Amino acid sequence: MKNTKNLKTSGLLVCLLIAFNSILSCSNDFTDRPSEDSIGVDNYYKNDDQVISATNAMYYKTWFQFGNKFFYAIGEVGSGNMYSGSADVAAMRNFSITSSDPELYSAWSSLWANIAQSNFLINNLQTRAGEAVSQSVIDNAIGEAYFMRATSYFYLVRLWGPVPIIENSLNYINSPNIYTNRTEDVYELITRDYTKAIDLLNSKVRTANYSNNSKVSKGSAKAMLAKVYLYNKNYVKAKELAEDVINSGEFKLLGGNSQFSLSSKSFADLFTYQNNNNEESIFAIQWKGDINYGSANNANTQFGISNGNLSTSNASYGGVFAPSQDILSLYESNDLRKNETIMFPGNTYPTMKVKVGTAYQTGFTVPAADQIGGQNAGAAIKKYCVGIVNGPVTGPIDGWAMMDNNTYIMRYAELLLIHAEAILAGASSTSDASALNSYNAVRNRAGLASVSSFTFDDLFTERRKELAFEGDYWYDLGRIPRSKAITIISAQNRGNRITAETYTPQEKDFILPYPASDVAKNPKLLEDPIPYNFN
């Protein structure tokens, strides 16, 4: 594994200091970027295009240290969906992660950098924007900043519990020792921020002009807030917001034949470079490789097959993450998601370019279990694995073999399952017609028959099937009764195909330790959280 470039400053100090140097870019398509050193906040924001571009970096650069490894090491290895024996990403497989873990620190710093970027725009854009900038453009950019701050805090609170609420980074430049705030207050901030984003962001309908779908919308904020309400068991508001999004017609499923679907597409189309920002994408990280490390997506290298003779990776290594033994039996044989999620021996992928020996070919058949390599899992991860660079099919690669295919944070399929769960509302089962419409739309797209009722466990499993390897299952396990989550995890084979391993987590394993370097600089992180005073 390549070593990531960790920030050497305290993660919270990063949050405070980055406010002085907001990362800017000058094109709405994220590609035409001037030197960041040549732009200052006092000579920027003079026209609509500059303000529109002000949020670009928050769609990829500030997410990199979170999304590169940690996103999968926690969300997938921690949950038992993925297996890895690689020392830098395997600690959550046996719940041995510590406060000195480098990837834990990288993720923490990344989320605080997002918050600092957001705070800068929330607190300064209105006054710094030039007279030629339209108010609607300013409002939308500030709405994006509220959305990003809420999303970053949503990850922080689910991973670390109590964390400091910082609404203006400059307030703490001279006093960076900050108490944490109660989890209920963090959720209150998240709710307020998404609500402000809903008020400020533009409405849109996702069309086949995918370049126009890259940024978040009013519907994106409603969908994320519906998820927050679901986590807090506010089923009435979760249902209301989910139905607002459904009725708006903004998003569609790729594939299927329901009222929610684009029948000309399929589940397989979701994870291709050519379908970045498709009609199903609610919010996705917009990777854009350049000459700098930390701008593109490393999943194609970290997933897939690399056995010395056959490689789906553009790098000299690959297959750092693999499917867990537990997930190999998750899917029914006729589930269309199965082979588009996991590369099983004998599967064929006729459009993927691979390297065989020293030659390249388009199309291949997955070799036998003992020849796949990687992590001795006997299978490989298909989602986000697009293969050897192949023009417009895969998009470009950067100097680290990273690519520009998006990473989903939320898709419309999840919103439909949120809607179904909100109607279920904690009951043992439901046969409600609206809930079934949403639930069955996801199943039908996967080639599965409709059902006439479903339980929470049915829905919970459906979420796992639909969203596997998309970084969500750990958080799902964290929101169900702890004893149930522990039972699920304890029953998993968390080893590889050679050696079975089982681990039973403890209560403390569901909340991560604060990074040791930040605790040393800010001991208040370990003190009891305090209430936050919302003005």
Side-chain angles (χ1 to χ4, degrees), residues 72 76 80-84 254-256 265-275 297 299-315 317-357 359-390 393-394 403 405 408 413 442-448 461-462 464-470 473 493 495-498:
Y72 302 107
E76 299 299 330
N81 275 351
M82 284 184 184
Y83 171 86
S84 182
L254 294 198
K265 299 278 189 175
S266 71
F267 181 83
D269 291 318
L270 284 166
F271 301 93
T272 60
Y273 168 75
Q274 291 172 305
N275 285 296
N297 185 354
N300 186 67
T301 295
Q302 296 185 132
F303 300 170
I305 297 171
S306 183
N307 68 3
N309 181 60
L310 171 65
S311 179
T312 58
S313 172
N314 295 285
Y317 71 99
V320 175
F321 294 104
S324 72
Q325 299 302 294
D326 188 70
I327 206 172
L328 294 182
S329 59
L330 178 65
Y331 296 91
E332 299 165 60
S333 60
N334 61 332
D335 192 323
L336 299 178
R337 295 170 296 197
K338 180 179 180 180
N339 295 341
E340 297 301 333
T341 302
I342 301 172
M343 290 192 242
F344 290 95
N347 282 12
T348 58
Y349 298 98
T351 62
M352 184 184 291
K353 187 176 181 180
V354 298
K355 186 177 182 182
V356 181
Y360 295 94
Q361 68 181 50
T362 299
F364 77 106
T365 298
V366 179
D370 61 351
Q371 298 174 29
I372 289 176
Q375 302 294 319
N376 278 324
I381 296 168
K382 176 62 175 69
K383 274 188 184 178
Y384 296 124
C385 181
V386 296
I388 302 295
V389 63
N390 188 17
V393 176
T394 63
M403 307 179 87
N405 49 322
Y408 292 108
V442 177
R443 285 180 54 83
N444 294 162
R445 194 260 298 270
L448 303 178
T461 300
E462 200 64 46
R464 188 184 184 191
K465 292 177 182 178
E466 179 69 26
L467 303 174
F469 308 148
E470 295 180 51
Y473 191 43
N493 178 358
N496 58 28
R497 71 182 187 89
I498 307 299

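Bear in mind that the values here come from a model prediction, so they are computed numbers and not experimental data. All residue numbers refer to positions in the sequence shown, counting from 1.
- In this structure, CG in L254 is found 4.5 Å from CG in L270, a value given to the nearest 0.5 Å.
- One finds the CD atom of E340 at 7.0 Å from the OG atom of S266 (value rounded to the nearest 0.5 Å).
- Of the inter-residue distances, the one linking I305 atom CD1 with S313 atom OG reads 11.5 Å to the nearest 0.5 angstrom.
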For this session: Would you sort out whether N81 and R464 count as a side chain to side chain contact (heavy atoms under 4.5 Å, CB included), showing the intermediate values?
Result: CA-CA 9 Å; N81 275 351; R464 188 184 184 191; 2.7 Å; yes

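- Between the side chains of T272 and D269, no donor-acceptor pair is found at a separation under 3.5 Å.
- Across all non-hydrogen atoms, the minimal contact from T312 to M352 is CG2-SD, 3.8 Å.
- Taken to the nearest 0.5 Å, the CG atom of L467 stands 6.0 Å off from the NZ atom of K383.
- Looking at heavy atoms from C-beta onward, F321 lies out of side-chain contact with E76 at the 4.5 angstrom threshold.
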For this session: Please step through side chain to side chain contact (heavy atoms under 4.5 Å, CB included) for the pair M403 and Y273, ending with a clear verdict.
Result: CA-CA 9 Å; M403 307 179 87; Y273 168 75; over 6 Å; no

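- A side-chain donor from one of N347 and N339 sits under 3.5 Å from a side-chain acceptor of the other.
- The shortest heavy-atom contact between A380 and G304 is CB-O, 3.4 Å.
- A donor-acceptor contact closer than 3.5 angstrom is absent between the side chains of K355 and N314.
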For this session: Would you please test F267 and F271 for ring pair (Phe, Tyr, Trp, His ring centres under 6.0 Å) and show each step?
Result: CA-CA 8 Å; F267 181 83; F271 301 93; 5.7 Å; yes

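- Salt bridge R443/E466: absent, no basic N to carboxylate O contact under 4.0 Å.
- The side-chain heavy atoms of L336 and R445, taken from C-beta on, include no pair separated by under 4.5 Å.
- In plain terms, the two heavy atoms of S306 and S311 that are nearest each other are OG-OG, 4.1 Å.
- Considering every non-hydrogen atom in both T394 and G387, the closest pair reads CG2-O, 4.4 Å.
- Of all the heavy atoms in A413 and V442, the pair that sits closest is O-CG2, 3.7 Å.
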For this session: Please report the C-alpha distance between T351 and V393 in whole Å, then the side-chain angles of each, then the deciding distance to 0.1 Å, and finally whether the side chain to side chain contact (heavy atoms under 4.5 Å, CB included) criterion is met.
Result: CA-CA 9 Å; T351 62; V393 176; 6.0 Å; no

Can you give each donor-acceptor pair under 3.5 Å made by side-chain atoms of residues 364-376, sequence neighbours left out, with the distance rounded to 0.1 Å?
residue	atom	partner	partner atom	Å
Q375	OE1	G85	N	2.8
Q375	NE2	G319	O	3.2
Q375	NE2	V320	O	3.0

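- R337 pairs in a salt bridge (charged side-chain N to carboxylate O under 4.0 Å, His left out) with only one of the listed residues (E332, E462, E470), which is E462.
- Taking the centre and axis of the six-membered ring of Y360, the NZ or CZ atom of K353 falls inside the cone set by 45° and 6.0 Å.
- Between Y384 and Y408, the two ring planes are tilted [angle within 30° to 60°].
- Remark: K338 NZ to F344 CZ distance equals 5.0 Å, nearest 0.5 Å.
- Shortest non-hydrogen contact noted between A299 and N297 is N-OD1, 2.9 Å.
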For this session: Determine, stepwise, if the pair I342 / Y331 fulfils side chain to side chain contact (heavy atoms under 4.5 Å, CB included).
Result: CA-CA 10 Å; I342 301 172; Y331 296 91; 4.2 Å; yes

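- Atom OG1 of residue T341 and atom CD1 of residue I381 lie 10.0 Å apart, to the nearest 0.5 angstrom.
- Using cut-offs of 30° and 60° on the angle between ring planes, the pair F303 and Y72 is perpendicular.
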